Amino acid sequence: MRWLIAAVVLVAVLAGLLRWRRPAWYWLSFGVTFATCRVLGRYRAVMDACGLTVPPPRWRLAIARMANRPVPEPRAPRILRLRPTRTGLVLRLGLRPGQDAFDVAASCDRLRHSFGMFGVTSREIRSGVVELRMTGYDVLRRVQMPARAERSTMRVPVALREDGDVHYRDYRTTPHALTIGATKSGKSVYQRNLVAELAAQEVALVGIDCKQGVELFPLARRFSALADNPDTAADLLDALIAHMEDVYQLIRAEQRITADTPDADIAADIWDLPDRLRPVPIVLLVDEVAELALFATKDEEKRRDRIITALARLAQLGRAAGIYLEICGQRFGSELGKGITMLRAQLSVRTAHRVNDETSANMAFGDIAPDAALATVQIPVSTPGLAITGDASGGWSRIRTPHTSLRAAVDACNKHAHLTPELPALDAFRPVLASPAVPVAIPAPAAPATP
């Protein structure tokens, strides 16, 4: 008997230690069993308490009266499937007649408390079927990406969502994106992780880093073109527009619109072209867009208008030519001048890290998801990399990027440097991979004056 008590105590101590130090291990070893029992044992009572039940049909009430039986209980949604995952449980429900998916979504917070889960989110699979994704622990506290995340052409994993799923950046579905965030909010790490994932793809990377290249130039071996100042950026954008026009001429020449060609084979963008003719897609990364929009003199204002106009043209017309935009900045509002709101309207994907004021959050989500703007201003300083992401459909979720050091991103770019395509239109902006630079002398601080 003593050995049994000792074993139970040892298991309890081990479970508590795992729950404290390794919540993912605790979930896979103990938590998934306990959570499944709680959900199945409390299901009917919880649904009744949350108002997610419907009265029994009249024919059942009539049969109960005629047979002098107890009145049937209200009916909860049917459990179609309960599937454990590495981060929680997936509960698929079949709604009863008269129930709505919005009622389930509005009760997610009460379901979280009642089932003893860390988080509960819902989404409608199809008419009458709702899926509840429940997480057993805080998956965003220590981000661990799945070892086998799916990757395909122009679709890469970049972060982990709060429901335990992987957040993907799919350029063919949502071509252009805006990422904002205050200093030390994790914006640069998000960009590094994106570049490291894109490095393994058949894609040309083009960068504009007006901070003298300190963010993007270490990754230069995988970039086809780089600009480190506004003057070079303006010329680079003009070259991209010329390349875009050449691609459109290629598509026009290969549209195959003759009468004997099936309609499905008519080309309207580069993905409809044969592999032998398809130009390589281009991802343009702008590290700090405000440096391109600010000006102090008349000449700088002309350059600024030229840059913003070029970016707006690429955002409006570049998708079919295989040119995709990733624009980053601390703020992205109308104070940056004319053309900024027009450019922002073309950026479908919005990702906002921690911001310093509500106005900055509204710049990203005010026109598509006001609730997301409120969630953005609640991101604490102690969680760099935590962000809110959404798109033009109005849906949004919390994500967090795994920490990717600059060394790791550089290694990924160097490993796949052989995939860097040579674009004749951008040869003038190809980064020069020279030997280590001569150390720059930094002036010493002035000595304090002697009294």
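Being a predicted model, the structure only gives us computed values, none of them experimental.
Among residues two or more places apart in sequence or in another chain, the salt bridge (charged side-chain N to carboxylate O under 4.0 Å, His left out) test is passed with D109 by R112.
Taking the side chain as every heavy atom from C-beta outward, I241 and E245 approach each other to under 4.5 Å. The closest side-chain heavy-atom distance from L160 to V139 is below 4.5 Å. Considering only heavy atoms from C-beta on, V143 stays 4.5 Å or farther from T401 through its side chain. No side-chain heavy atom of Y171 sits under 4.5 Å from any side-chain heavy atom of V349. Side-chain atoms of W271 and T153, non-hydrogen and from C-beta on, do get closer than 4.5 Å to each other. Side-chain contact check for V195 versus F223: some heavy-atom pair is nearer than 4.5 Å. With contacts defined as side-chain heavy-atom distances shorter than 4.5 Å, the pair I282/H243 qualifies. Counting heavy atoms from C-beta outward, V189 and P384 have side chains that stay 4.5 Å or more apart.
The minimum heavy-atom distance between S224 and T420, with the atom names listed, is OG-CG2, 3.7 Å. The nearest pair of heavy atoms linking A267 to D272 is CA-CB, 3.4 Å. M117 and W27 get closest at one heavy-atom pair: CE-CH2, 3.8 Å. Residues A352 and F365 approach most closely at CB-CE1, 3.4 Å, considering heavy atoms. The shortest heavy-atom contact between L237 and A310 is CB-CB, 3.8 Å. Residues D103 and L52 approach most closely at O-CD2, 3.7 Å, considering heavy atoms.
Each salt bridge (Lys or Arg N to Asp or Glu O under 4.0 Å) pair with one or both residues in residues 395-417, not counting sequence neighbours, appears once here: E162-R398, R407-D411. Within the structure, salt bridge (Lys or Arg N to Asp or Glu O under 4.0 Å) pairs that include any residue of residues 81-101 comprise R92-E131 (at least two apart or interchain). Note on residues 344-355: pairs passing side chain to side chain donor-acceptor pair (under 3.5 Å), not counting sequence neighbours, are R350-D367, T351-T389.
Salt-bridge annotation for E254 and R276: absent, with no side-chain N of the basic residue lying under 4.0 Å from a carboxylate O of the acidic one. Using a cut-off of 4.0 Å between Lys/Arg side-chain N and Asp/Glu carboxylate O, R172 and D269 are scored as not salt-bridged. Between E326 and R169 there is a salt bridge, since at least one side-chain N of the basic residue sits less than 4.0 Å from a carboxylate O of the acidic one.
The number of heavy atoms from other shown groups lying within 6.0 Å of CZ (R313) does not exceed 12. In the displayed structure, Q316 atom CD is contacted under 6.0 Å by more than 12 heavy atoms of other residues, nucleotides or ligands. For CD of E150, the number of neighbouring non-hydrogen atoms (other residues, nucleotides, ligands) closer than 6.0 Å is 12 at most.
Between the side chain of R151 and the main chain of A149, a donor-acceptor pair closer than 3.5 Å is present. Without hydrogens or angle criteria, R304 side chain to L336 main chain gives a donor-acceptor distance under 3.5 Å. Q201 contributes a side-chain N or O that, together with a main-chain N or O of S152, makes up a donor-acceptor pair within less than 3.5 Å. Using a distance-only test at 3.5 Å, with no hydrogens or angles considered, no donor-acceptor pair links the side chain of T404 to the main chain of R192. With hydrogens and angles disregarded, a donor-acceptor distance shorter than 3.5 Å links the side chain of D209 to the backbone of V214. With hydrogens and angles ignored, the 3.5 Å screen pairs a side-chain donor or acceptor of S405 with a backbone N or O of A408. With hydrogens and angles ignored, the 3.5 Å screen pairs no side-chain donor or acceptor of R133 with any backbone N or O of T121. Formation of a donor-acceptor pair under 3.5 Å by the R222 side chain with backbone atoms of A199 is found in this model. Under a 3.5 Å cut-off, the side chain of H167 and the backbone N or O of R161 do not form any donor-acceptor pair.
Remark: the S360 side chain and the R331 side chain contain an N/O donor-acceptor pair separated by less than 3.5 Å.
Taking CE from M47 and OG1 from T53, the interatomic distance works out to 10.0 Å, rounded to the nearest 0.5 Å. Between I308 atom CD1 and I340 atom CD1 the span is 4.0 Å, to the nearest 0.5 Å. Interatomic distance, D138 CG to F118 CZ, rounded to the nearest 0.5 Å: 3.5 Å. Going from atom CG of L140 over to atom OG1 of T135 covers 8.5 Å, rounded to the nearest 0.5 Å. A distance of 8.0 Å separates CG of L111 from CE of M134, quoted to the nearest 0.5 Å. Distance CG/L93 to CG/L82: 9.5 Å, rounded to 0.5 Å.
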Tabulate below the donor-acceptor pairs under 3.5 Å that side-chain atoms of residues 283-293 make, not counting sequence neighbours, or state none.
residue: D287; atom: OD2; partner: K211; partner atom: NZ; Å: 3.4
residue: E288; atom: OE2; partner: A290; partner atom: N; Å: 3.4

Could you tabulate the donor-acceptor pairs under 3.5 Å formed by side-chain atoms of residues 29-44, not counting sequence neighbours?
residue: S29; atom: OG; partner: W25; partner atom: O; Å: 2.7
residue: S29; atom: OG; partner: Y26; partner atom: O; Å: 3.3
residue: T36; atom: OG1; partner: V32; partner atom: O; Å: 2.7
residue: R38; atom: NE; partner: F115; partner atom: O; Å: 2.9
residue: R38; atom: NH2; partner: G116; partner atom: O; Å: 3.3
residue: R42; atom: NH1; partner: S114; partner atom: O; Å: 2.5
residue: Y43; atom: OH; partner: P77; partner atom: O; Å: 2.4

Next item on the list: Could you check L216 against Q191 for side chain to side chain contact (heavy atoms under 4.5 Å, CB included), going step by step and ending with a plain yes or no?
Entry: CA-CA 9 Å; L216 295 181; Q191 189 180 61; 3.8 Å; yes
Note to self: Working note: L317 + Y248, criterion side chain to side chain contact (heavy atoms under 4.5 Å, CB included); need CA distance, chi angles, decisive distance, verdict.
What the structure shows: CA-CA 10 Å; L317 307 174; Y248 279 131; 4.1 Å; yes
Margin query: Quick one, L343 with I327, criterion side chain to side chain contact (heavy atoms under 4.5 Å, CB included). Give me CA distance, side-chain angles, the key distance, then yes/no.
Written below: CA-CA 10 Å; L343 174 60; I327 296 181; 4.1 Å; yes
Item checked: Residue pair L406, L219: steps toward the side chain to side chain contact (heavy atoms under 4.5 Å, CB included) verdict -> CA-CA 9 Å; L406 186 57; L219 316 173; 4.3 Å; yes
